[in-house]
There are 2 protein chains.
Amino acid sequence: MSKKTYSIGELARELDITTRTIRFYEDMGLLSPERRGQTRIYTPADRVRLKLILRGKRLGFSLAESRELIELYNPDTDNNQTQLKALLGKIAEKKAQLMRQLHDIEVMQIELDEAERRCQDAMRTADPSTLSGESA
Amino acid sequence: MSKKTYSIGELARELDITTRTIRFYEDMGLLSPERRGQTRIYTPADRVRLKLILRGKRLGFSLAESRELIELYNPDTDNNQTQLKALLGKIAEKKAQLMRQLHDIEVMQIELDEAERRCQDAMRTADPSTLSGESA
DNA sequence: TCCGCACTTTACGTTAACGTAAACTTGCGG
DNA sequence: CCGCAAGTTTACGTTAACGTAAAGTGCGGA
């Protein structure tokens with residue numbers, strides 16, 4: 001069960017990207033779907049990977065960074081101590097980056113709140129020529 | 001007091017970018033420093049703008065988006081009701097985007113924490129050939 | 001006066017992340 | 001059998017955000 005698979009078109013529609021994009025990610029080594037003949041067959045795991053990539057994009061990550069992230073989630077059987085140490089290092093690095101972004105977002109939210117308040121104040125005290133009927 | 005100004009080189013060093021980058025931002029309309037003859041003179045306000053741009057970059061914003069943000073902070077005397085409404089709309093949009101990013105970051109942090117735990121577990125139960133002397 | 005350094009403009013080059021077009025195969029409903 | 005929709009490969013085009021090189025300007029110090 002849960003043997004479901006996806007065509008490239010299905011995924012493109014669902015995730016709101018083009019098939020070109022999906023094939024491009026494959027070229028970049030971010031995906032390697034199975035094939036039935038020529039045709040690409042995507043598993044739920046492939047779909048998850050795609051969603052990871054898109055989330056990365058929303059956060060401003062490059063495809064290379066997203067590939068790194070994916071590799072962090074798939075420690076593919078290369079588990080000797082040295083490699084694990086390196087992995088932990090990379091994970092810590094990403095976590096630090098996310099903390100920075102978190103901080104940037106908080107500051108930016110505050111600034112936007114202030115801008116919003118100034119804007120609302122300006123609306124109240126502004127040129128009333130465009131008032132359209134609320135004062136009660 | 002606080003009449004301080006900056007040369008392009010000073011700003012470049014402090015913010016760890018190149019002068020080419022700063023001039024490029026000017027070409028894109030993100031900065032318009034004063035001139036003493038040919039030479040650009042930057043005010044503290046210009047410096048703040050630059051920092052805004054760089055923070056935007058850390059969050060994956062394009063220069064166009066950063067320019068929008070800066071404009072949101074500088075409602076340059078075009079304060080009629082209609083424009084203000086539009087401004088509030090854009091602000092709300094940015095705030096929504098930041099909320100999405102915030103959520104993405106939280107999810108990613110959780111996933112990285114899990115990856116970290118798996119990685120540490122793997123280190124404990126792994127090939128001990130590279131152990132270097134801690135067990136007490 | 002000439003040197004060197006920081007600044008300037010102009011312009012072509014580069015990388016990432018796709019877009020777009022052309023030309024081809026393949027499964028299927030009529 | 002035919003055509004169309006959805007898949008495929010190949011390849012050139014495009015945009016953003018700078019890098020890099022060339023060639024010139026201005027100025028304080030030996």
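Below, chain A is the first sequence line, B the second, and so on; all start at residue 1.
Among residues two or more places apart in sequence or in another chain, the side-chain hydrogen bond (donor to acceptor under 3.5 Å, both in side chains) test is passed with A:Arg20 by none. Under the rule for a salt bridge (Lys or Arg N to Asp or Glu O under 4.0 Å), A:Asp46 has no partner lying at least two apart in sequence or in another chain. Not counting sequence neighbours, the partners of A:Lys90 by the side-chain hydrogen bond (donor to acceptor under 3.5 Å, both in side chains) test are A:Glu68. Partners of B:Thr19 by side-chain hydrogen bond (donor to acceptor under 3.5 Å, both in side chains), not counting sequence neighbours, listed by chain and number: B:Arg23. Listed by chain and number, the residues in a side-chain hydrogen bond (donor to acceptor under 3.5 Å, both in side chains) with B:Thr18 are B:Thr21 (sequence neighbours excluded). Scanning for side-chain contact (heavy atoms from CB on, under 4.5 Å) contacts around A:Glu10 gives A:Lys4, A:Tyr6, A:Ser7, A:Arg13, with sequence neighbours left out.
Of the two residues near DNA chain C, B:Ser7 and A:Lys57, the one whose nearest nucleotide lies more 5' is B:Ser7.
Residue A:Arg36 is out of contact with every strand shown, counting any heavy-atom pair closer than 4.0 Å.
Under the 4.0 Å criterion applied to side-chain N and carboxylate O atoms, B:Asp121 and B:Arg124 are assigned as salt-bridge partners.
For DNA chain C, the neighbouring residues in residues 10-33 of chain B, judged by any heavy atom under 4.0 Å, are B:Arg20, B:Arg23.
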Using atom types as modelled, flag every donor-acceptor pair under 3.5 Å from a side chain in residues 108-116 of chain A to any protein atom, sequence neighbours excluded.
{"unit_1": "A:Glu111", "atom_1": "OE1", "unit_2": "B:Arg55", "atom_2": "NH2", "d": "2.3"}
{"unit_1": "A:Glu111", "atom_1": "OE1", "unit_2": "B:Tyr73", "atom_2": "OH", "d": "3.2"}
{"unit_1": "A:Glu111", "atom_1": "OE2", "unit_2": "B:Arg55", "atom_2": "NH2", "d": "3.1"}
{"unit_1": "A:Asp113", "atom_1": "OD1", "unit_2": "B:Lys95", "atom_2": "NZ", "d": "2.9"}
{"unit_1": "A:Glu116", "atom_1": "OE1", "unit_2": "B:Lys95", "atom_2": "NZ", "d": "2.7"}

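Mapping heavy-atom proximity under 4.0 Å, the span of DNA chain D touched by chain A runs 5' to 3' from D:dG7 to D:dA11.
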